[in-house]
Enquirer: 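Sharing a structure here in structure tokens format.
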Amino acid sequence: SPSQGYYTRRGGVGESGDFITSPEISQVFGELIGIWYISEWMAMGKPNSFQLVELGPGRGTLTDDILRVFKQLSSVLSKCDVSVHLVEVSPKLSEIQAVMLTGGKVQPNLEDKSAYMKGISKTGIPICWYRDIQDVPPGYSFYLAHEFFDALPIHKFQRTEKGWREVLVDIDPEVPDQLRFVLSPSRTPATQNFIQPEETRDHVEVCPEAGVIVQRLACRIEKDGGAALVADYGHDGTKTDTFRGFRNHKLHDVLSAPGTADLTADVDFSYLRKMAQGRTATLGPIKQREFLKNMGIDLRLQMLLQNSGDTATREQLLHSYDMLMNPEKMGDCFNFFALLPHHRLVHPDKKDKAESKSPLPPVAGFNELLLK
Ligand code: SAH
């Protein structure tokens, strides 16, 4: 809802908000993702420009950490024209992002209807803000969606003796201020359109908006090149009831005080893969701890520990490493998933003279990082 929705009204990412995310826990998370983009840019032949497009940037911390890596590796990127494009619906969060990334030096953009705000990052890179991925100009792009797809609305379905029924929200007739879940008395348009014929589960959650966005990303990557990295908690088409709410870092009844709590559902990566419709190759989902290990998190931690003099900083570094990597914390339930052009994984004319071709470099994160 543009007036009463959680992200347009509250959107509390961070320690003082409703939920905490990996970039808010440790700078290393964003740094390794920045390295992922540079490694893919190199593997794809160092094109002379690219757009970094982030969906749902939260407080802007992840992009800030990535841009710091781009700055540190500016000798590598020196001949490349980089721009940043943020897709954000929340007015409050876009202001926080503007302060984080530009120091507040932004202008509302009235001439160009697609981007609603423009600025220059602290490191000198142009940044534009949009409400919809379709407004982002076409071009070679690296996309990022971290804890974005889980925030989009879902449909819930239940298999019954009479076939699939949709779980709907109704007002409790006994208590007028209270909402309750009910089953649709018959099939609904959503039960007819969103359940896969081969579905074996009895309870299913589907996020059609995520499907549409992945289709758009896949079309854009197929046409203009680039890659997308999606990181979120989720499963590969196995889980059933994951819809839940968070307020002040505690579980919150999804039906009580709508618009005041973060509502979330696990991302179904098997659905995202299906919605790429073969336009791009897909990699993953791979567990966060495996992805970050492949990206060299252990080495980075050792370097930061060596360079930090005081015990409090060292303890903080070890604590945040544990949060990201421990299988019982974020290490196992968060996953990484990528969309890449087919030619990034297989030589287009593989069958002819494959032996004369140099092998394609492995995709970092999903394999060990090899930066030459
Ligand atoms: N990526 C950030 C924040 C995740 S919270 C991090 O990891 O810290 C989800 C983000 O998606 C918020 O910035 C929220 O405002 C944004 N968002 C939610 N729904 C959206 C939509 N439909 N379109 C664009 N952005 C949306």
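Indexing begins at 1, ligand by ligand and atom by atom, following the structure's order. Note that the coordinates shown come from a computational prediction; the quantities given were computed from them, not determined experimentally.
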Enquirer: Return yes or no for this condition: an N or O of G58 is under 3.5 Å from an N or O of ligand 1.
Expert: yes
Enquirer: Does Y116 have R131 sitting over its ring (NZ/CZ under 6.0 Å from centre, angle to axis within 45°)?
Expert: yes
Enquirer: Measure centre to centre between the rings of H155 and F194, then say whether the value is under 6.0 Å.
Expert: yes
Enquirer: Show me which atoms of ligand 1 lie under 4.0 Å from any heavy atom of T21.
Expert: 6 (C), 7 (O), 8 (O)
Enquirer: Report, in ascending order of atom number, the atoms of ligand 1 lying under 4.0 Å from any heavy atom of P57.
Expert: 2 (C), 13 (O)
Enquirer: Is the ring centre of F142 less than 6.0 Å from the ring centre of Y37?
Expert: yes
Enquirer: Using a 4.0 Å cut-off to any heavy atom of P23, which atoms of ligand 1 qualify?
Expert: 6 (C), 7 (O), 8 (O)
Enquirer: Answer yes or no for E54: is there a heavy-atom contact with ligand 1 below 4.0 Å?
Expert: yes
Enquirer: What protein heavy atom sits nearest atom 13 (O) of ligand 1, and how far off is it?
Expert: E88 OE1, 2.6 Å
Enquirer: Is the centre of the F70 ring less than 6.0 Å from the centre of the F50 ring?
Expert: yes
Enquirer: Between S22 and ligand 1, which residue portion shows a heavy-atom distance shorter than 4.0 Å: side chain, backbone, both, or neither?
Expert: neither
Enquirer: Between R187 and E166 (salt bridge meaning N to carboxylate O under 4.0 Å), is one present in this structure?
Expert: no
Enquirer: Regarding R289 and D332, does a basic nitrogen lie under 4.0 Å from an acidic carboxylate oxygen?
Expert: yes
Enquirer: Could you tell me whether L93 approaches ligand 1 through its side chain, its backbone, both or neither, with non-hydrogen atoms closer than 4.0 Å?
Expert: side chain
Enquirer: Any idea which atoms of ligand 1 are less than 4.0 Å away from a heavy-atom of E147?
Expert: 4 (C), 5 (S), 9 (C)
Enquirer: Quick one: nearest non-hydrogen protein atom to atom 20 (C) of ligand 1, plus distance?
Expert: V89 CG2, 3.5 Å
Enquirer: With a 4.0 Å heavy-atom cut-off (strictly under), which part of L152 contacts ligand 1: side chain, backbone, both or neither?
Expert: side chain
Enquirer: For ring-ring contact (aromatic ring centres under 6.0 Å, His included), just list the numbers for F19 and F246, CA-CA rounded to whole Å, side-chain angles, deciding distance to a tenth of an Å, and then say yes or no.
Expert: CA-CA 7 Å; F19 60 102; F246 285 99; 7.7 Å; no
Enquirer: Hey, which atoms in ligand 1 end up nearer than 4.0 Å to a heavy atom of H146?
Expert: 1 (N), 2 (C), 4 (C), 6 (C), 7 (O)
Enquirer: List the closest protein heavy-atom neighbour of atom 14 (C) of ligand 1: residue, atom name, distance to the nearest 0.1 Å.
Expert: Y7 CD2, 3.2 Å
Enquirer: Quick check: does S90 get an N/O under 3.5 Å from an N/O on ligand 1?
Expert: no
Enquirer: I'd like to know if D268 and R201 make a salt bridge, using a cut-off of under 4.0 Å between side-chain N and carboxylate O.
Expert: yes
Enquirer: For F291 and F336, take the angle between the two ring planes, folded into 0 to 90°, and tell me which bin it lands in: parallel under 30, tilted 30 to 60, perpendicular over 60.
Expert: parallel
Enquirer: Run the ring-ring contact (aromatic ring centres under 6.0 Å, His included) check on Y143 and F148 step by step: do they pass?
Expert: CA-CA 12 Å; Y143 300 91; F148 170 72; over 10 Å; no
Enquirer: What I want to know is whether G56 and ligand 1 share at least one N or O pair that is separated by under 3.5 angstrom.
Expert: yes
